[in-house]
Amino acid sequence: MADNLTLAALFKRIALLLELKGENPYKIRAYRRAAEALAALETPVTDLWATQRLTDIPGIGDAIAKKIDEYLRTGRLTFLERLEEEVPPSLVEVTQLPGLGPKKVRRLWQALGITDLNSLESAAREGRLRALSGFGVKSEARILEAIQAYRARPRGFLLGDARPVALRLLAILRDLPQIARAELAGSIRRGKALVGDIDLLLTSPVPEQALQAALKALQQPETPLTTHPTYAEAALTLPEGLPLHLSAAPPNRFGTAWVLSTGSAAHLNDLQQLAAARGQDPEAPFATEREYYAALNLPWIPPEIRQGNGEIEAAQHGRLPALVTAEAIQAELHSHSTWSDGRASIRAMAEAALARGLRVLAITDHSQSLGVAHGLTPERLRAQREEIRQVQAALGGQILLLQGAEVEILADGSLDYPDEVLAELDIVVASLHTSLRQPRERITQRLLKAIRNPHVHIIGHPSGRLLPHRAGADLDWEAVLTAAAENGVALEINAHPRRLDLDASLVRQAVARGILLAINTDAHSPADFDHRIYGVLTGRRGWATADDIINTWPPARLQTWLQSRRP
DNA sequence: GCCGTTTTCGGCCCGACTGTTTTCAGTCG
């Protein structure tokens with residue numbers, strides 16, 4: 001499915017460059033729609049291409065089909081290449097600044113010759129922006145601030161981008177006869193939301209040979225190896241732009257190498273101190289991780305909690321949590337259909353959920369005020385209930401469908417449906433989407449009001465952050481967690497790789513207070529259900545057990561809880 | 001550029017907020 005996502009990214013880029021060029025907005029939207037369609041496609045685009053059925057995909061017509069064909073045949077997209085000559089690609093970065101969209105960036109470019117962050121910064125410093133209509137002294141200050149924040153942004157790749165690449169590489173490497181074993185290490189194995197690179201660990205009696213074979217298989221045979229007494233390593237950059245770090249160790253020290261290459265630095269530091277206190281060598285060779293930890297008189301510690309914040313002490317006292325697993329998830333409680341902004345029908349979503357082994361699916365489309373997402377009025381909500389009933393009847397008892405809603409928390413903290421409408425729903429997810437930049441006091445009170453509404457079961461993506469660099473709302477978390485605990489409302493761990501919200505550190509605080517959590521994918525298409533693993537990894541990083549996560553509960557228990565919250 | 005119980009042209013999801021305006025364009029979700 002790599003081609004689906006690559007093509008989607010290329011068409012998204014075309015859309016943005018066309019916008020900067022000032023093209024027809026509907027043409028731009030067509031490219032965006034095509035990108036979304038490709039990203040949500042459940043079959044490899046190459047299959048449809050091979051059978052000349054590309055235009056069967058809604059949103060893809062003759063022109064875009066031809067471009068897909070060119071890319072799949074030649075690996076190039078001349079249309080994009082020409083576009084990049086007309087529009088400076090460095091402008092794309094400028095549109096990343098909040099408040100600067102394509103129209104303003106285009107004016108900066110056309111009127112002032114600004115092509116990148118540096119030239120924008122000098123122009124703002126020198127007060128040259130205020131000459132343009134629509135820009136004033138305030139926007140100059142805001143832009144300078146935004147550039148600062150952008151440069152200081154957290155670096156890294158989304159877990160959801162890097163992990164699939166890493167798994168694909170592992171599959172290639174595991175097929176090589178020179179490699180006895182290949183495993184994920186580093187921050188991807190630990191499940192961090194943002195990762196700096198891909199770390200893979202190989203083993204072979206002759207580590208250098210394993211590395212050489214790997215580099216050849218990855219078509220980077222010229223990459224230099226660094227040889228150490230006990231292991232060898234190599235670093236390169238993949239065509240996707242992701243740095244890859246490969247290391248290889250002999251089987252008798254694979255366990256040690258795996259611990260060391262998994263990290264985190266803080267965890268390793270704690271291990272080192274423990275070893276020193278016991279007069280042991282922290283790099284002594286062990287074949288398995290279990291043996292490595294056992295030598296320090298510790299049980300094996302799951303990679304997700306190797307963060308250097310109490311896991312070793314917990315291990316020493318036999319208090320390591322039994323972390324939630326992906327297999328334990330039985331319910332998806334936040335999903336969208338074509339009734340609002342989803343890309344698939346209720347039937348298609350239900351079948352996809354069933355195919356992934358889920359026993360409960362809640363359809364939670366947007367509420368009326370989210371116009372952009374085609375939110376449902378109470379009338380359409382009632383009509384939708386009938387369709388859900390029909391799909392439920394068609395699928396029988398294999399999966400339980402719930403009707404819910406993702407209800408807007410409006411700017412004053414009230415919900416977007418009156419109580420009597422909420423009372424008719426099986427499940428209510430309440431979320432913030434707008435006015436996320438309200439001051440702390442105001443937005444906290446707004447969220448607290450929603451938490452206290454007795455119809456609300458789950459607060460969706462509580463902070464509203466968008467990775468890699470849109471921070472969430474400025475919330476008073478102490479107040480939010482206290483209110484969630486008091487009112488028995490579940491907080492969501494939204495599994496979308498751009499969100500992973502709650503963040504793992506907040507998950508840990510919530511778990512410590514006994515707050516219920518929900519791991520939901522917020523799926524807008526069947527393919528999105530596969531984001532679940534990122535939510536699970538985030539929950540594990542926050543020390544969550546299956547019991548903390550309402551999606552692991554058997555359907556009967558879940559339903560009892562949903563109903564018990566009714567006033 | 002896509003699409004069609006409005007079929008080969010003329011439409012194409014909406015509404016609040018913001019900073020800059022003096023009546024609104026652009027951004028954002």
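Quick caveat: nothing in here was measured; it's all calculated off a predicted structure.
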Return the value, rounded to whole Å, for the distance between atom [atom1] of [X] and atom [atom2] of [N].
| X | N | atom1 | atom2 | value |
| --- | --- | --- | --- | --- |
| His366(A) | dC14(B) | NE2 | C1' | 13 Å |
| Ile409(A) | dG29(B) | CD1 | P | 16 Å |
| Leu38(A) | dC2(B) | CG | P | 12 Å |
| Leu54(A) | dC3(B) | CG | P | 12 Å |
| Gln438(A) | dC28(B) | CD | C1' | 14 Å |
| Leu370(A) | dG15(B) | CG | P | 11 Å |
| Leu410(A) | dG29(B) | CG | P | 17 Å |
| Glu408(A) | dC14(B) | CD | P | 16 Å |

Residues that [X] engages under side chain to side chain contact (heavy atoms under 4.5 Å, CB included), provided they are two or more places apart:
| X | answer |
| --- | --- |
| Asp412(A) | Leu410(A), Ser414(A) |
| Ala355(A) | none |
| Lys138(A) | none |
| Arg130(A) | Val137(A), Glu140(A) |

Quote, to the nearest angstrom, the [atom1] distance that separates [N] from [M].
| N | M | atom1 | result |
| --- | --- | --- | --- |
| dG26(B) | dT21(B) | C1' | 13 Å |
| dC3(B) | dT7(B) | C1' | 9 Å |
| dG11(B) | dT6(B) | C1' | 9 Å |
| dC9(B) | dG15(B) | P | 32 Å |
| dT8(B) | dG4(B) | P | 13 Å |
| dT5(B) | dG1(B) | P | 23 Å |
| dC13(B) | dC2(B) | P | 15 Å |
| dC28(B) | dT20(B) | P | 15 Å |

Open item on the list: Can you confirm whether the side chains of Thr482(A) and Arg513(A) place a donor and an acceptor under 3.5 Å from each other?
Closed with: yes
- [ ] Name the residue closer to the 5' end of DNA chain B, choosing between Lys104(A) and Ser435(A) according to the nucleotide with the nearest heavy atom.
- [x] Ser435(A)
Open item on the list: Contact list please: residues 16-32 of chain A against DNA chain B, heavy atoms, distance less than 4.0 Å, in numerical order.
Closed with: Asn24(A), Tyr26(A), Lys27(A), Arg29(A), Ala30(A), Tyr31(A)
- [ ] Strictly below 4.0 Å, heavy-atom distances to any atom of DNA chain B: list the hits from residues 89-98 of chain A, or just say none.
- [x] Leu97(A), Pro98(A)
Task: salt bridge (Lys or Arg N to Asp or Glu O under 4.0 Å) partners of Arg356(A), counting only residues at least two apart - done: Glu42(A), Asp530(A)
- [ ] Applying salt bridge (Lys or Arg N to Asp or Glu O under 4.0 Å), name anything that partners Arg53(A), two or more places apart in sequence or on another chain.
- [x] none
- [ ] Find the partner of dT8(B): check Watson-Crick (N1-N3 plus N6-O4 or O6-N4) and G-U wobble (N1-O2, O6-N3) distances, both under 3.5 Å, and reply none if neither fits.
- [x] none
TODO: Sorted by first residue and then second, give each ring-ring contact (aromatic ring centres under 6.0 Å, His included) pair with at least one member in residues 108-135 of chain A; sequence neighbours left out.
DONE: none
- [ ] Return each pair, listed once, that meets ring-ring contact (aromatic ring centres under 6.0 Å, His included) where at least one residue sits in residues 407-436 of chain A; pairs must be two or more places apart or across chains.
- [x] His366(A)-His433(A), His433(A)-His461(A)
Give every pair of a protein N or O atom and an N or O atom of nucleotides 19-23 of chain B that lie under 3.5 Å apart, one pair per line with the distance.
unit_1	atom_1	unit_2	atom_2	d
dT20(B)	OP1	Gly136(A)	N	2.9
dT20(B)	OP1	Ser139(A)	N	3.0
dT20(B)	OP1	Ser139(A)	OG	2.7

Open item on the list: Within the 4.0 Å heavy-atom criterion, would you say Lys67(A) contacts the bases, only the backbone, or no part of the nucleic acid?
Closed with: sugar-phosphate
Task: Near-ring test His457(A)/His455(A), centroid separation under 6.0 angstrom - done: no
- [ ] Hey, could you give me each pair passing side chain to side chain donor-acceptor pair (under 3.5 Å) that has a residue in residues 442-452 of chain A? Not counting sequence neighbours.
- [x] Gln438(A)-Arg446(A)
- [ ] Using a 4.5 Å cut-off on heavy atoms from C-beta on, say whether the side chain of Leu395(A) contacts that of Arg347(A).
- [x] yes
- [ ] Before accepting this row, confirm whether a basic side-chain N of the pair Glu386(A)/Arg389(A) lies closer than 4.0 Å to the acidic partner's carboxylate O.
- [x] yes
